[in-house]
Amino acid sequence: MPELPEVETTCRGLIPHVAGRQVTDLVVHQASLRIPVPEGLDELVGQQIESIHRRAKYLIFETKKGWMVIHLGMSGSLRICDAAVSLRKHDHVVFELDTGQQMRYHDPRRFGLVDWTSGAWQEMRWFKDLGPEPLTDDFGAAYLEEKARGRKGAVKTFIMTNQVVVGVGNIYACEALFMAGIHPNRAAGKISRKRLRVLVEAIKDRLTAAILSGGTTLRDFVREDGQPGYFKQELMVYGREGEACRKCKTLIKRCIIGQRSTFYCVKCQC
DNA sequence: AAAACTACCTGAGTGC
DNA sequence: TGCACTCAGGTAGTTT
């Protein structure tokens with residue numbers, strides 16, 4: 001999926017087109033997503049989108065009547081286009097706006113979700129056990145050290161755990177660990193506070209840089225205007241198995257950690 | 001409590 | 001050209 005930078009890119013791209021606009025109609029072409037698209041989503045019709053927020057990898061659309069929550073799963077995207085543009089396969093939910101444009105939720109693998117609540121969004125099950133946002137001061141070395149204490153599992157799995165910190169997926173976990181010089185398989189609880197500080201800064205740095213590049217497009221991700229993100233060019237290890245390390249020329253290795261492909265440099269990371 | 005594994009789904013790529 | 005197979009950005013839920 002879209003990890004945090006891709007969701008943030010989508011959020012920023014949607015705001016000029018959607019914030020302050022009214023949703024005049026809504027058509028669900030495929031309700032069978034990660035959870036069924038709820039009936040209550042109809043309440044959105046006639047409402048003005050006051051603003052769009054991001055929490056973790058969730059997009060939150062604010063109206064006076066309630067909140068729509070969208071997660072892009074592994075292959076989802078939200079695009080703005082003219083109503084005349086023909087629908088594509090996997091355009092599952094179409095939102096008609098009072099500008100005459102449409103916002104289309106597209107998701108081949110259907111791991112994403114579209115949800116609605118008339119209560120407080122924070123009370124929804126998606127937000128119950130989430131850790132801090134990585135780009136805020138709530139996420140720091142002291143916090144991470146406390147969380148890591150006693151953990152014997154791989155640090156890579158650890159930083160990808162949403163109860164620890166949100167928004168770090170497989171790409172940016174690999175990239176941040178490379179930048180921090182930490183081997184992805186090292187036990188989380190056995191990393192010094194000094195190195196955790198470096199890791200925290202590496203996570204913030206890579207996520208921030210990726211947002212500036214409009215995210216990483218491997219296959220599916222596109223911004224609201226259909227353009228790809230350009231951070232792929234800056235990847236140091238992800239997807240580079242057998243290629244030369246950009247720092248030391250050693251060939252990049254791939255292994256499986258927590259069922260996920262993991263890329264690292266044996267010389268730069270220990 | 002934490003770690004390990006499962007399930008959800010389509011499409012692209014590879015090897016035969 | 002077709003078939004069988006592997007792999008892919010996430011995460012909630014279940015089992016060990």
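Throughout, a chain's letter reflects where its sequence line sits, starting with A, and its residues are numbered from 1. Just so you know, these numbers come straight off a predicted model, no measurement behind them.
Scanning atom types as modelled, no donor and acceptor separated by under 3.5 angstrom connect the side chain of A/R151 and the base of B/dA3.
Put simply, A/Y172 has no side-chain N or O that comes within less than 4.0 Å of OP1 or OP2 on C/dG10. Within the structure, a side-chain polar atom (N or O) of A/R254 is placed less than 4.0 Å from OP1 or OP2 of C/dA8. Residue A/R34 places none of its side-chain N or O atoms closer than 4.0 Å to OP1 or OP2 of C/dG10. Under 4.0 angstrom from either OP1 or OP2 of C/dA12 there lies no side-chain N or O belonging to A/H71.
Base pairing annotation: B/dC9 forms no Watson-Crick or G-U wobble pair, as no partner gives both donor-acceptor distances under 3.5 Å.
Nucleic acid contact class of A/K89 (heavy atoms, under 4.0 Å, all strands): sugar-phosphate only. In this structure, A/Y238 reaches the sugar-phosphate backbone alone: every heavy-atom distance under 4.0 Å involves primed, P, OP1 or OP2 atoms, never a base. A/R219 comes within contact range of at least one nucleobase, with a heavy-atom separation under 4.0 Å. Using a 4.0 Å heavy-atom criterion, one finds that A/S32 contacts no nucleic acid atom at all. Contact annotation for A/D107: no contact, since no heavy-atom pair falls under 4.0 Å across all strands. Using a 4.0 Å heavy-atom cutoff across all strands shown, A/F231 reaches no nucleic acid atom at all.
Set against C/dA8, C/dT11, B/dT10, the side chain of A/N162 has C/dT11 as its closest nucleotide.
Note on A/V166 and A/M160: separate hydrophobic clusters, where clusters join Ile, Leu, Val, Met, Phe, Trp and Tyr whose side-chain heavy atoms are under 4.5 Å apart, directly or indirectly.
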